[in-house]
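Here the structure is laid out as structure tokens; the discussion comes afterwards.
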Amino acid sequence: MDAVAAETMRAPRRAEINGLLPPEAPLAMQPSPLHHVPAAAQAITSGPRIAFRRMLIFAGTAALTLAGCTRMYEVVEVGGVTVLEGMVLVLFSILLAWIAFAFASALAGFCAMFARRRDTIAIDVEGPLPGLSSRTAMLLPTYNEDPHAVMVRLRAMIESVAETGQAERFDWFLLSDTTDPDIWIGEEAAFLALREACGTDRVFYRHRADNVARKAGNIAEWVRRFGAAYDHMIILDADSLMSGATVVRLAHAMEHAPQAALIQTLPVIVNGTSLFARLQQFAGRLYGPVIAAGNAWWYGAEGNYWGHNAIIRIAAFAQDAALPELRGRKPFGGHILSHDFIEAALMRRAGWGIYMTVDLDGSYEEVPPSLIDHAARDRRWCQGNLQHLAVLPARGLHWVSRLHLLIGIGAYITAPLWFTFLVLGILISLQANFVRPEYFPKGFALFPSWPAQDPVLAAQVFAATLGLLMVPKLLACLAALFTPARRRGFGGGLRLCVAVLAETVLAALIAPSMMIFQSVAVIEILLGRDAGWQVQRRSDGGVSRQEIYRKFALPTLCGLAMAASAYAVSLPLLAWMSPVIAGLVLSIPIGLLTGGRGTGAGLFVTPEDRRPPRVLIRARELAGEPEPRREAALVALQRNAELRRQHVDALPVPRRREPGDIDVELTTAKARIADAACFSDAIDFLSRRETLAVLNDRTTIERLVKLPASEA
């Protein structure tokens, strides 16, 4: 360690002295090698009861899969199984097992809800709020998000926690990885306004100039700097909301469960305004609890982590969840994108418990406003989940953790498998229609080989498969209908049934386009194309018609090709495939319809619409207030001396550069500023990267703002 680095470690930084950040409390966090099994910190098991539940889930899945595959074999084996038919049978077996597994888990969730099974980890969800003895850090990583929207949610949560009377147990950190200079300074201005509005010094802001490893690296950097001062951390997303009562109950549960490393809540989708967002909100609110209850029923201590709205024991995270860098080139190599699954798996490998709670309310999130935005986010998740192929062979992982990784991979691999299954079905039909059958095979035979089909049996297989897809939705609907409070929350039994029918039709029309988008994503990733780190669009109404036409052109062409191929065989085949073909051919109108603002609110009602929680009401009130005027980054610093002082104080100590190590952007920016006659001329000539370089250099900032505002 050189002298400058050592001095930096010893001396408080300006941001700490001025209260922008708390005193550093470093905590070691070394990457966990995948080929080495660490000594278990805990020796917990889920017990025989959870083992029996898992046996029921997998036995049911195996039985349904075997029965369906047997029937499918009887459909294709007439006259011998051809190569194409054999491929169809293999694909059908894989896809049916996937569907049967989801069905078995949903059925278990339905039964668990009516049996009033409690979570595996004990959380008192109805009694008075408990007192806390631990300290919890609330971490909100952000990347080029709208500062006003982020601060609105953050302020609503801060006020909600303050209402519990235990605000002193929580510190709030906005961890910025923002690369847009205007948004960066906008975040700092909004942060200062937030501190003043909340009247607390327990809110902190840190901007990271080098956003290595993205969100996972952002959180890890915080743990290494401040982690030792806290017992737990709750990870939030930019669109997260959590009530104060939920936050307190989570912290209390961790205090009384020393074996637990993580407790994942079930976030409820809120604030949907487009039809697509309303569909996601309604489906998640109705079907989500049944699916989550089924998963939690057999997960036990081997749960999973979704990256947000979860509480984590910092000691366990620092000791066992540091992510290694994967070997090889992107997109499979490099830093792990879908870090949450891996962090949960590594902590469970070390013996910690990973739990999921479905009984605890008060956890909320938002979703992308359109199918295009959803597909863009899905593309990043697809690459991250396919990266898990490199983690699957890691030594010492619990078999349920490996199953979580496989499920994440399968969520995207099944899309091209479905597409291939459909294409093979059309090819078999085309072959049967245009290739002359061989009635008299070579060699001796007493009778000709007449082709024969059993349309009744094929229809039964189709109906049974469709039933496995539909029954979980019906179970969720029944669970709501038989629970008076939930039924009223969805607007009554009749409206609920109509909404389920409408959601089912719209979801069936949207699914084929998502199949194409996911198939293309898998192919691109396998060909080595990296998704990068794109900014997520959260506000609705931002998708232009031209973008919809361009993005949905491929699904439309695929639908037309399928329609022509099916029509070439027979009208019955065209009718048989009409649900898929209609979704593809109509993908552009569907994209326009579902992306529009203000549709679906009357039908797709959720309990949070009818009786919104206090934290959601407060967030909406704050969002309705006039948004502060946003200025260009350097203009804002030049006009606001206090903002400039806070920004300069928050900058890290400059690192000592080696001879020949030149910051090209900063050097160029300094030359442009030196040649400028006034402030406005200087900033007009600076590029985005040069502006970022200036914002990271206190000396250049001071030199720039001393220039006259404009030429005399």
Side-chain angles (χ1 to χ4, degrees), residues 13-15 18-21 140-155 172-198 201 203-211 238 535 538-539 622-623 625-652 654 663 665-666 668-670 672-674 676-711:
R13 304 184 184 187
R14 292 192 189 186
N18 293 324
L20 298 177
L21 286 172
L140 199 163
T142 182
Y143 174 73
N144 291 334
E145 298 280 351
D146 178 9
H148 177 67
V150 171
M151 297 304 170
V152 158
R153 301 184 189 98
L154 194 56
R155 180 177 171 183
W172 302 78
F173 290 83
L174 184 64
L175 306 178
S176 173
D177 263 353
T178 291
T179 56
D180 185 301
D182 297 339
I183 296 179
W184 177 10
I185 301 305
E187 287 173 352
E188 292 185 336
F191 161 73
L192 295 177
L194 173 70
R195 260 197 167 187
E196 182 178 358
C198 293
D201 58 357
V203 187
F204 306 102
Y205 174 86
R206 189 272 288 129
H207 178 265
R208 198 167 61 129
D210 183 8
N211 47 29
V535 180
R538 300 189 188 275
S539 61
L622 294 171
E625 295 180 358
E627 183 174 346
R629 178 187 171 191
R630 190 184 304 173
E631 297 178 305
L634 293 172
V635 173
L637 293 184
Q638 193 258 355
R639 293 181 177 177
N640 190 330
E642 177 61 19
L643 176 62
R644 183 169 69 250
R645 184 185 70 81
Q646 298 278 13
H647 172 79
V648 169
D649 286 349
L651 292 177
D663 187 331
E665 281 77 21
L666 181 59
T668 305
K670 288 180 177 179
R672 294 185 190 279
I673 293 171
C678 62
F679 177 84
S680 59
D681 284 348
I683 63 173
D684 286 342
F685 286 110
L686 294 177
S687 68
R688 177 175 173 274
R689 294 178 65 88
E690 291 163 359
T691 301
L692 275 175
V694 171
L695 290 175
N696 279 291
D697 188 80
R698 53 174 55 90
T699 303
T700 308
I701 292 174
E702 297 297 340
R703 183 181 306 164
L704 176 63
V705 299
K706 289 179 181 178
L707 292 174
S710 59
E711 291 188 78

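Position 1 is the first residue of the sequence; numbering continues from there.
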Non-hydrogen atoms of [X] and [Y] that approach each other most closely:
{"X": "A636", "Y": "I185", "result": "CB-CG2, 4.0 Å"}
{"X": "H207", "Y": "T178", "result": "NE2-O, 2.8 Å"}
{"X": "F685", "Y": "E690", "result": "O-OE1, 3.8 Å"}
{"X": "P708", "Y": "A677", "result": "CG-O, 3.6 Å"}

Problem - Residues forming a side-chain hydrogen bond (donor to acceptor under 3.5 Å, both in side chains) with T691, sequence neighbours excluded - result: none
Problem - Residues in side-chain hydrogen bond (donor to acceptor under 3.5 Å, both in side chains) contact with T700, at least two apart in sequence or another chain - result: D697
Practice task
Using side-chain contact (heavy atoms from CB on, under 4.5 Å) as the criterion, list what pairs up with L192, not counting sequence neighbours.
Solution key: L643, Q646
Problem - For D146, all residues meeting side-chain contact (heavy atoms from CB on, under 4.5 Å), sequence neighbours excluded - result: H148, A149, E627, R630
Completion exercise
Applying salt bridge (charged side-chain N to carboxylate O under 4.0 Å, His left out) to R639 and not counting sequence neighbours gives E631
Handout entry: Residues which pass salt bridge (charged side-chain N to carboxylate O under 4.0 Å, His left out) with R689, listed by chain and number, not counting sequence neighbours
Key = E665
Problem - Among F191, Y205, W184, ring pair (Phe, Tyr, Trp, His ring centres under 6.0 Å) partner for H647 - result: W184
Practice task
Give the intermediate values and the outcome of side-chain contact (heavy atoms from CB on, under 4.5 Å) for residues I183 and E187.
Solution key: CA-CA 6 Å; I183 296 179; E187 287 173 352; 3.9 Å; yes
Has the side chain of [X] got a donor or acceptor atom that lies under 3.5 Å from a matching backbone atom of [Y]?
{"X": "R672", "Y": "L686", "value": "no"}
{"X": "N144", "Y": "D180", "value": "yes"}
{"X": "R688", "Y": "T179", "value": "yes"}
{"X": "D177", "Y": "N211", "value": "no"}
{"X": "R155", "Y": "C198", "value": "no"}

What distance do [X] atom [atom1] and [Y] atom [atom2] have between them, rounded to the nearest 0.5 Å?
{"X": "L651", "Y": "I701", "atom1": "CG", "atom2": "CD1", "answer": "5.5 Å"}
{"X": "D182", "Y": "L692", "atom1": "CG", "atom2": "CG", "answer": "9.5 Å"}
{"X": "S176", "Y": "R208", "atom1": "OG", "atom2": "CZ", "answer": "9.5 Å"}
{"X": "F679", "Y": "D684", "atom1": "CZ", "atom2": "CG", "answer": "9.5 Å"}
{"X": "L20", "Y": "E188", "atom1": "CG", "atom2": "CD", "answer": "8.5 Å"}
{"X": "D681", "Y": "L707", "atom1": "CG", "atom2": "CG", "answer": "9.5 Å"}

Practice task
With the side chain counted from C-beta on, respond yes when L140 and R153 share a heavy-atom pair under 4.5 Å apart, and no when they do not.
Solution key: no
Practice task
Tell me, with the steps shown, if M151 and L174 meet side-chain contact (heavy atoms from CB on, under 4.5 Å).
Solution key: CA-CA 9 Å; M151 297 304 170; L174 184 64; 3.0 Å; yes
Handout entry: Verdict with supporting geometry, I683 and V694, side-chain contact (heavy atoms from CB on, under 4.5 Å)
Key = CA-CA 10 Å; I683 63 173; V694 171; over 6 Å; no
Handout entry: CD (E196) with more than 12 external heavy atoms under 6.0 Å
Key = no
